[in-house]
Amino acid sequence: HSIEQLTIDEDKEQMEIKIPDKPEARSAESAFNSVDTQKLGKLPVDKFEDLLDEIGEGFHGDERSEQLSLVDPNRSGYIEKHAFILWYCQLTEISNNDDDENESLDTAEREEREEELNKAKDAFTSVAGEGK
């Protein structure tokens, strides 16, 4: 084995470890397998639309290009199975986190408004008290 070959083998093992065992990963793998009829483990980038259809995602124009660049960051012209699965897991995770963030932002915004209201009340009480 050359050093380069060992590095590649190690990378493959690490990639397999990183793929989470969750429903999104299984959905992405299933979608990839149905489009990858030749079972090569990679697809030309022109199959990205088919993959998106399989998992029920729809990206168009610039957004589609941006997502494709995340799946094929080296612009190899191919979408690797593991890269697609990881991309989809991250996409769904971001989507779920956005929901949580919106709740947090709403809470933070409510607290900020309450604080501003209290400051305004204090200022009003202070001004009203000086007028006596």
Side-chain angles (χ1 to χ4, degrees):
H1 287 295
S2 70
I3 293 173
E4 186 177 316
Q5 189 175 1
L6 290 175
T7 304
I8 291 170
D9 291 343
E10 288 171 9
D11 286 348
K12 284 181 184 174
E13 286 174 24
Q14 288 173 357
M15 286 177 203
E16 288 172 14
I17 292 168
K18 289 180 187 175
I19 293 175
D21 181 27
K22 46 190 198 177
E24 295 85 0
R26 289 188 286 278
S27 295
E29 183 174 25
S30 174
F32 193 95
N33 290 340
S34 27
V35 176
D36 183 18
T37 54
Q38 295 180 335
K39 308 296 178 220
L40 299 175
K42 66 180 183 178
L43 291 167
V45 292
D46 63 3
K47 295 288 188 182
F48 189 50
E49 196 69 41
D50 296 339
L51 288 170
L52 292 176
D53 289 343
E54 279 292 320
I55 56 170
E57 293 290 338
F59 294 105
H60 305 284
D62 291 343
E63 190 177 19
R64 182 182 173 280
S65 299
E66 184 180 328
Q67 295 302 319
L68 182 57
S69 72
L70 295 173
V71 181
D72 180 22
N74 300 328
R75 297 177 188 246
S76 67
Y78 288 94
I79 300 167
E80 301 282 337
K81 183 178 183 174
H82 69 273
F84 179 74
I85 294 170
L86 291 174
W87 165 81
Y88 186 65
C89 287
Q90 288 173 343
L91 179 72
T92 56
E93 192 173 298
I94 289 168
S95 196
N96 292 338
N97 286 344
D98 280 351
D99 293 343
D100 294 344
E101 277 182 32
N102 289 339
E103 289 173 16
S104 298
L105 288 174
D106 290 344
T107 303
E109 192 174 308
R110 271 197 303 274
E111 289 172 0
E112 188 177 325
R113 286 183 182 174
E114 197 172 311
E115 187 179 324
E116 291 297 321
L117 181 61
N118 288 335
K119 284 181 184 176
K121 283 180 184 175
D122 291 345
F124 179 75
T125 304
S126 172
V127 171
E130 289 174 10
K132 288 186 180 174

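Values reported hereafter were calculated over all heavy atoms of this structure, with side chains retained and with hydrogens, waters and symmetry mates removed.
Annotation: side chain of Lys39 is in contact with side chain of Asn33 (closest heavy-atom distance under 4.5 Å). The closest side-chain heavy-atom distance from Leu68 to Phe59 is not below 4.5 Å. For the pair Leu91/Gln67, a side-chain contact is recorded, criterion being any heavy-atom separation below 4.5 Å from C-beta on.
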Walk me through whether Asp21 and Arg26 qualify under salt bridge (charged side-chain N to carboxylate O under 4.0 Å, His left out). CA-CA 7 Å; Asp21 181 27; Arg26 289 188 286 278; 2.5 Å; yes
What side-chain donor-acceptor pairs closer than 3.5 Å can you find for residues 43-58, not counting sequence neighbours?
from, atom 1, to, atom 2, distance (Å)
Glu49, OE1, Arg64, NE, 2.7
Glu54, OE1, Ser34, OG, 3.2

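For Asp72, the side-chain hydrogen bond (donor to acceptor under 3.5 Å, both in side chains) criterion is met by Ser76, not counting sequence neighbours.
Put simply, CD1 on Ile85 and OG on Ser27 are 10.5 Å apart, with the number rounded to the nearest 0.5 Å. Rounded to the nearest 0.5 Å, atoms CD1 (Ile79) and CZ (Phe84) are 7.5 Å apart.
Both Val35 and Trp87 belong to a common hydrophobic cluster when Ile, Leu, Val, Met, Phe, Trp and Tyr are linked at side-chain heavy-atom distances under 4.5 angstrom.
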